[in-house]
Amino acid sequence: MTSPDTLFSWASSLAMLGWIILAIAPRWRFTKPIVQYGFVSILLSILYAYCIYQAMSGDGMDVGSFGSLEGVMALFTSPIAVLAGWVHYLAFDLWVGSWEVGDASRRGVPHLMVIPCLFFTFMFGPVGLLLYLIVRAFWTKSLTHENF
């Protein structure tokens, strides 16, 4: 088995590549197949599934639950379980960032206005999504349910 440290490095590098492509080359012909159609997120999801399997099949995951903060903390006490949590964030945040880029393109929001949203989505997930939705609302001058 490859070490959790090595998998962490690979996953982080792959996600960073996706973020860089989204930020600097949103119209490059390979951006859609690599990032926007989810190829990078799919690879991260496969790694996530592997990590969850490893964590649950051995001594990798302590008994815990999603019913309380203490229960969730107990789930993330081994390196492979923490890696699974990290990869979960990487996959979903990148998917949200790619959605932001595609949605902005469809709605005519300039990419330069999306770049700060991408940064915040990369660093703080939901804060970046919120920022993008605010930027989009101001740019399109619309807050109707059709925006979502």
Side-chain angles (χ1 to χ4, degrees), residues 4-56 60-61 64-148:
D5 287 330
T6 300
L7 294 174
F8 174 88
S9 181
W10 289 350
S12 297
S13 297
L14 182 62
M16 182 58 72
L17 175 64
W19 283 106
I20 290 169
I21 291 171
L22 280 178
I24 66 171
R27 291 173 186 81
W28 180 45
R29 68 183 181 130
F30 295 111
T31 298
K32 281 189 179 185
I34 293 172
V35 185
Q36 288 184 294
Y37 294 155
F39 181 72
V40 172
S41 290
I42 289 168
L43 290 177
L44 291 170
S45 297
I46 291 168
L47 176 58
Y48 173 77
Y50 170 78
C51 291
I52 290 296
Y53 172 77
Q54 289 296 318
M56 295 177 112
M61 187 177 280
S65 72
F66 291 108
S68 69
L69 180 58
E70 282 186 40
V72 171
M73 289 171 59
L75 291 171
F76 294 102
T77 56
S78 74
I80 196 71
V82 173
L83 176 61
W86 177 246
V87 173
H88 181 280
Y89 282 117
L90 292 176
F92 273 108
D93 287 355
L94 182 59
W95 190 87
V96 170
S98 70
W99 174 83
E100 291 169 358
V101 168
D103 187 69
S105 178
R106 284 187 299 279
R107 296 176 188 278
V109 178
H111 188 67
L112 284 176
M113 295 184 74
V114 178
I115 291 174
C117 303
L118 292 176
F119 171 77
F120 281 97
T121 301
F122 172 64
M123 295 300 294
F124 306 110
V127 173
L129 174 60
L130 177 62
L131 179 60
Y132 172 71
L133 294 173
I134 291 168
V135 165
R136 184 180 80 176
F138 280 106
W139 186 261
T140 63
K141 310 233 185 310
S142 176
L143 287 173
T144 65
H145 71 281
E146 289 125 11
N147 280 342
F148 302 98

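Atom CD1 in I46 sits 11.0 Å away from atom OG in S41 (nearest 0.5 Å). Rounding to the nearest 0.5 Å places SG of C51 at 10.0 Å from CG of L44. The line from CG of L7 to CG of L14 is 12.0 Å long, rounded to the nearest 0.5 Å. Of the inter-residue distances, the one linking I134 atom CD1 with L131 atom CG reads 6.0 Å to the nearest 0.5 angstrom. Separation of atoms CZ (R136) and NZ (K141) is listed at 14.5 Å; rounding is to 0.5 Å. In this structure, CG on D93 lies 11.0 Å from CG on L118, to the nearest 0.5 angstrom.
Listed by chain and residue number, H88 satisfy the ring pair (Phe, Tyr, Trp, His ring centres under 6.0 Å) test with F92 (two or more places apart in sequence, or in another chain). For W95, the ring pair (Phe, Tyr, Trp, His ring centres under 6.0 Å) criterion is met by no residue, not counting sequence neighbours.
Across all non-hydrogen atoms, the minimal contact from I52 to A84 is CD1-CB, 3.8 Å. Scanning both residues, A11 and V87, for their nearest heavy atoms gives CB-CG2, 3.9 Å. What you find for E100 and L129 is that their closest heavy atoms are OE2-CA, 3.4 Å. Heavy-atom minimum distance, P26 versus A23: CD-O, 4.2 Å. When all heavy atoms of P4 and L83 are compared, the closest pair comes out as O-CD2, 3.8 Å. Closest of all the heavy-atom pairs between I34 and F39 is O-CB, 3.4 Å.
At a threshold of 4.5 Å between non-hydrogen side-chain atoms, the residues V40 and L17 do not count as touching. You'll find the side chain of T6 reaches within 4.5 Å of the side chain of W10, heavy atoms only. In this structure the side chain of P110 reaches within 4.5 angstrom of the side chain of W139, judged on heavy atoms.
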Side chain to side chain contact (heavy atoms under 4.5 Å, CB included) between L90 and L94: does it pass, once the steps are laid out?
CA-CA 6 Å; L90 292 176; L94 182 59; over 6 Å; no
Candidate pair T121 and W19, rule side-chain hydrogen bond (donor to acceptor under 3.5 Å, both in side chains), full reasoning
CA-CA 10 Å; T121 301; W19 283 106; over 6 Å; no
Walk me through whether S12 and W86 qualify under side chain to side chain contact (heavy atoms under 4.5 Å, CB included).
CA-CA 9 Å; S12 297; W86 177 246; 3.1 Å; yes
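Side chain of H111 to backbone of S105: no donor-acceptor contact under 3.5 angstrom is found. With hydrogens and angles disregarded, a donor-acceptor distance shorter than 3.5 Å links the side chain of Y132 to the backbone of A104.
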